[in-house]
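Notes follow once the structure below has been shown.
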Amino acid sequence: GEELARKTIFLTACMGWVENIKPTSSNLLAESPSGIGKDHVTSSTLDILPKEKVIKRTRISPTALTYWKPTKNWEGYILYLEDVSNNVLNSEVMKVMMSGGSYATIVVNQVAKDIKIDGKPIIILTTARSTPNQENLRRLNICFFTDNQDQTKGIVNRKLENAEVGIIEEYDSSITL
């Protein structure tokens, strides 16, 4: 199930290889009620990509986004924030991060310190309760998941069938990037 959502997540994640892409084109918010499987589908879809390029966090503060970077540059990375809070989603730091690199000035021990944030990751967020503010709505593509009993039953039945015959759900290494 969730073919459209899986395609949307995968294509968004691949935007890091598109030349001259607008920074705001590569942000995705996967939104649906709790328990629908959006985090499972998102994680499973991102598993096909190079593991060292996908950075997943289940909790983060807006301030951490100012200081933290995987290397010198965010380019080529996918930042996946699972069940992002309203506080992070609508923070000034996230707004700027979704728009591209930035330059921040902070105070450390009563001294102004400049922090240059180079590049922009592909940003993929999931949420059940957070709502983007008006400013962030124009920076996010929004993906909804199917919310019905048949979808849930189909997922449970497939997992049971796979478990009965010993099928382990993981990607063949010959198809992962």
Side-chain angles (χ1 to χ4, degrees), residues 1-2 4-18 21-71 73-107 114-148 151-152:
E2 300 297 357
L4 183 58
R6 287 183 289 136
K7 285 180 181 178
T8 302
I9 293 162
F10 183 73
L11 290 174
T12 300
C14 290
M15 286 184 179
W17 293 299
V18 176
I21 192 164
K22 294 183 183 212
T24 55
S25 299
S26 57
N27 303 314
L28 178 68
L29 177 65
E31 184 176 21
S32 69
S34 183
I36 297 300
K38 65 192 160 298
D39 294 308
H40 173 73
V41 169
T42 302
S43 289
S44 296
T45 303
L46 294 176
D47 281 347
I48 202 166
L49 301 166
K51 295 194 184 324
E52 68 275 3
K53 294 294 185 177
V54 179
I55 299 169
K56 177 182 176 182
R57 294 294 183 267
T58 54
R59 187 171 187 279
I60 196 164
S61 71
T63 308
L65 293 172
T66 299
Y67 300 98
W68 172 54
K69 51 189 167 186
T71 64
N73 193 316
W74 272 106
E75 292 299 326
Y77 286 88
I78 299 162
L79 177 60
Y80 166 33
L81 302 181
E82 184 179 309
D83 200 22
V84 68
S85 68
N86 249 339
N87 182 37
V88 173
L89 175 62
N90 293 312
S91 69
E92 291 295 317
V93 176
M94 179 60 77
K95 178 181 80 171
V96 172
M97 191 170 202
M98 287 192 293
S99 300
S102 66
Y103 205 76
T105 302
I106 59 158
V107 176
D114 291 331
I115 299 175
K116 187 170 188 328
I117 302 165
D118 289 319
K120 182 208 172 289
I122 304 301
I123 298 175
I124 298 177
L125 313 166
T126 62
T127 187
R129 294 174 295 281
S130 299
T131 305
N133 61 28
Q134 194 65 34
E135 277 188 289
N136 286 344
L137 272 175
R138 64 185 182 86
R139 291 174 171 84
L140 286 163
N141 296 307
I142 300 179
C143 172
F144 296 97
F145 283 68
T146 305
D147 180 11
N148 67 42
Q151 176 76 12
T152 303

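Nothing here was measured: the structure is a model prediction, and the numbers come from that model.
Between the side chain of Asn87 and the backbone N or O of Pro62, no donor-acceptor pair lies under 3.5 Å. Remark: side-chain polar atoms of Lys38 are not paired, donor with acceptor, to backbone N or O of Thr126 under 3.5 angstrom.
Atoms CG and CD1, on Leu140 and Ile124 in that order, are 11.5 Å from each other to the nearest 0.5 Å. A distance of 11.5 Å separates CD1 in Ile78 from CE in Met15, rounded to the nearest 0.5 Å. The distance from the CG atom of Leu29 to the CZ atom of Phe144 is 8.0 Å, given to the nearest 0.5 Å. Ser85 contributes atom OG, which lies 8.0 Å from atom CZ of Arg59 (distance to the nearest 0.5 angstrom). Put simply, CD1 on Ile123 and OG1 on Thr12 are 12.0 Å apart, with the number rounded to the nearest 0.5 Å. In this structure, CG in Leu125 is found 11.5 Å from CD in Glu82, a value given to the nearest 0.5 Å.
Closest non-hydrogen pair, Ser26 versus Ile122, comes out as CB-CD1, 3.4 Å. Contact between Trp68 and Arg57 at its shortest, heavy atoms only, is CZ2-NH2, 3.5 Å. Across all non-hydrogen atoms, the minimal contact from Glu52 to Tyr77 is O-CE2, 3.5 Å. Listed here is the closest heavy atom pair of Arg138 and Glu135: CG-O, 3.3 Å. Residues Glu75 and Lys120 come closest through the heavy atom pair OE2-N, 2.9 Å. Nearest heavy atoms, Ala128 versus Ser34: CB-N, 3.6 Å.
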Would you sort out whether Asn141 and Thr8 count as a side chain to side chain contact (heavy atoms under 4.5 Å, CB included), showing the intermediate values? CA-CA 9 Å; Asn141 296 307; Thr8 302; 6.0 Å; no
Going through the checks in order, is the side chain to side chain contact (heavy atoms under 4.5 Å, CB included) test met by Val88 and Leu65? CA-CA 9 Å; Val88 173; Leu65 293 172; 4.3 Å; yes
Begin with the C-alpha distance, continue with both residues' side-chain angles, and end with the deciding distance and a verdict on side chain to side chain contact (heavy atoms under 4.5 Å, CB included) for Trp74 and Ile55. CA-CA 11 Å; Trp74 272 106; Ile55 299 169; 3.9 Å; yes
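Sparse packing is recorded around CD of Gln134, with 12 or fewer heavy atoms of other residues, nucleotides or ligands lying under 6.0 Å away.
Within the 4.5 Å cutoff, side-chain heavy atoms of Leu81 are placed close to those of Met94. Put simply, the side chain of Asn136 reaches to within 4.5 Å of the side chain of Lys95, judged on heavy atoms. A 4.5 Å side-chain heavy-atom check between Leu79 and Met97 finds at least one atom pair inside the cut-off. A heavy-atom distance below 4.5 Å is found between the side chains of Ile9 and Leu46.
Ion pair Arg129/Asp83 flagged as a salt bridge, since at least one NZ, NE, NH1 or NH2 atom sits closer than 4.0 Å to an Asp/Glu carboxylate oxygen.
The one candidate from Leu28, Asn27, Leu137 that meets the side chain to side chain contact (heavy atoms under 4.5 Å, CB included) condition with Ile142 is Leu137.
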